[in-house]
Asks: 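Right, I'll just put the structure down here and ask away after.
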Amino acid sequence: MDIKSDSVSEIEVLTRFIFSTSHFTRKDSRIKYAAFMPYKGKTSVFRTSNLSYREIWNIGEAVGDTSGRSLKARGDILAENVYEQDLKVEPSTSWHHLHADITGWPSERAKTKLIAMKLASKAKLILKSSDPQ
Amino acid sequence: MEPAIDFLTTDSQTYISNLYSTDRTDIEGAYSLSYLSGTGEESYFGEKDTGPNGNNKESTSILHMDKADWYDEAVSELTEILKECGSENWDGHGSLPISYGTYSKARELLKLIPQSLPKPSIVPEPENEIGFEWWIDPKTSFVISVKDDDKITFAGLLGKNREIWGVEVFEDSFPQLIYENVKRLFSQSNGY
């Protein structure tokens with residue numbers, strides 16, 4: 001199986017880069033739901049299975065350079081946890097060959113929040129400052 | 001059972017196994033969804049309850065109480081969020097700016113939260129909403145949020161077998177349905 005295939009396997013790791021300190025908490029060492037909430041129906045992630053920590057952070061920093069934001073942390077989640085919520089993971093590689101979007105979000109704001117809460121509950125927080133690299 | 005992961009490197013296999021081993025909040029069993037009229041014509045909520053005490057409640061009466069002791073601290077945090085998130089792309093993923101209208105609604109809502117509830121975390125959302133989050137553990141949390149309209153959106157994970165979500169009309173007092181669910185969150189966890 002090719003990690004760069006058009007279909008994202010349920011066992012792949014998806015990384016959401018976090019640029020706002022309001023989207024995680026050191027105290028509970030967790031990601032907050034809003035970090036996974038979609039903008040215009042999409043939540044941008046990267047397929048990071050098989051990458052080293054350094055390679056993963058490099059991608060995040062490149063995203064930050066593009067948007068002019070400082071990278072604070074990342075959230076890693078299995079694609080399986082996304083599929084469990086009846087969401088899709090669609091590769092979107094025009095900017096980066098490992099980029100993908102979580103799509104298929106419901107139109108109801110409340111239901112979207114509930115799903116984002118579930119994704120956040122499954123994700124692992126890794127702080128930029130504490131990663132051994 | 002974990003699927004085959006032979007195509008991954010050893011380090012990746014270990015990492016993925018660790019992700020699999022984290023606590024799960026899967027919800028199994030029957031599904032019930034109710035859309036009920038509430039205090040306003042656009043109020044509704046849905047529930048998923050597989051426990052023995054599944055229920056359907058009207059979203060009806062409203063509480064009106066003094067503002068909480070933590071109100072001033074929360075307003076300071078809210079103001080910081082307006083500063084930090086007041087321009088577009090504050091989250092690095094294209095987000096809309098948090099508008100002054102949304103900030104004002106959030107500030108109004110803060111004032112209505114009964115003082116018997118603990119201070120929530122204040123969380124900016126990417127499409128110009130501000131959320132208030134009460135978090136106990138990965139399976140137990142509640143979020144209410146507002147934007148510059150007349151609605152309060154809410155969603156709650158209320159333990160392994162219960163979840164709730166919906167919308168209340170933003171009026172001049174705190175919705176009882178939300179109050180009862182947040183209160184129950186804490187009474188379940190530590191006798192609050």
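Just the heavy atoms: all of them, side chains too, but no hydrogens, waters or symmetry mates, feed the values below. The sequence lines fix the lettering, A, B, ..., with proteins before strands; numbering per chain opens at 1.
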Asks: Can you tell me how far apart CH2 (Trp135(B)) and OG1 (Thr25(A)) are? Round to the nearest 0.5 Å.
Replies: 8.5 Å

Asks: Might you point out which heavy atoms bring Ala34(A) and Val123(B) nearest each other, and give the distance in Å?
Replies: CB-CG1, 3.4 Å

Asks: Which one, Pro126(B), Gly131(B), Ser141(B), leads in non-hydrogen pairs under 4.5 Å with chain A?
Replies: Pro126(B)

Asks: Measuring heavy-atom distances to chain A, does Glu129(B) have an atom under 4.5 Å in its side chain, in its backbone, in both, or in neither?
Replies: side chain

Asks: So do the side chains of Arg109(A) and Lys147(B) get within less than 4.5 Å of each other, counting heavy atoms only?
Replies: yes

Asks: Heavy-atom cut-off 4.5 Å, strictly under: side chain, backbone, both or neither for Ile81(B) against chain A?
Replies: side chain

Asks: If you count heavy-atom pairs within less than 4.5 Å of chain B, which of Gly64(A), Ala35(A), Pro38(A) leads?
Replies: Pro38(A)

Asks: Who wins among Glu84(B), Glu133(B), Glu77(B) for the most heavy-atom pairs under 4.5 Å with chain A?
Replies: Glu133(B)

Asks: Under 4.5 Å between side-chain heavy atoms, hopping through other hydrophobics if needed: is there a path connecting Leu117(B) to Phe154(B)?
Replies: yes

Asks: How long is the gap from NZ on Lys111(A) to OG1 on Thr153(B), to the nearest 0.5 Å?
Replies: 14.0 Å

Asks: Are there over 12 heavy-atom neighbours, none belonging to Lys119(B), within less than 6.0 Å of that residue's NZ?
Replies: yes

Asks: Verify the cluster assignment for Ile31(A) and Trp105(A): are they in a single hydrophobic cluster under the rule of side-chain heavy atoms below 4.5 Å apart?
Replies: yes

Asks: Minimum heavy-atom separation for Leu114(A) and Ile164(B), please, with both atom names.
Replies: CD1-O, 3.8 Å

Asks: Looking only at heavy atoms, which two atoms of Gly92(B) and Val63(A) are closest? And how far apart?
Replies: O-CG1, 4.2 Å

Asks: Work out which heavy atom in Pro138(B) is nearest to a heavy atom in Ser121(A); give both atom names and the distance.
Replies: O-CB, 3.4 Å

Asks: In terms of heavy-atom pairs under 4.5 Å, which option from Arg30(A), Lys113(A), Lys32(A) contacts chain B the most?
Replies: Arg30(A)

Asks: Dump the intermediate steps for side-chain contact (heavy atoms from CB on, under 4.5 Å) on Glu127(B) and Met37(A), then the final yes or no.
Replies: CA-CA 9 Å; Glu127(B) 295 191 335; Met37(A) 287 197 65; over 6 Å; no

Asks: Between Leu96(B) and Tyr103(B), is there shared hydrophobic-cluster membership here, with clusters defined by ILVMFWY side-chain heavy atoms closer than 4.5 Å?
Replies: no

Asks: Aromatic ring centroids of His93(B) and Phe19(A) under 6.0 Å?
Replies: yes

Asks: Can Arg69(A) be said to sit on top of Trp90(B)'s aromatic six-ring, NZ or CZ under 6.0 Å from centre and within 45° of the ring axis?
Replies: no

Asks: How long is the straight-line distance from OH of Tyr39(A) back to CD of Glu125(B), given to the nearest 0.5 Å?
Replies: 14.5 Å

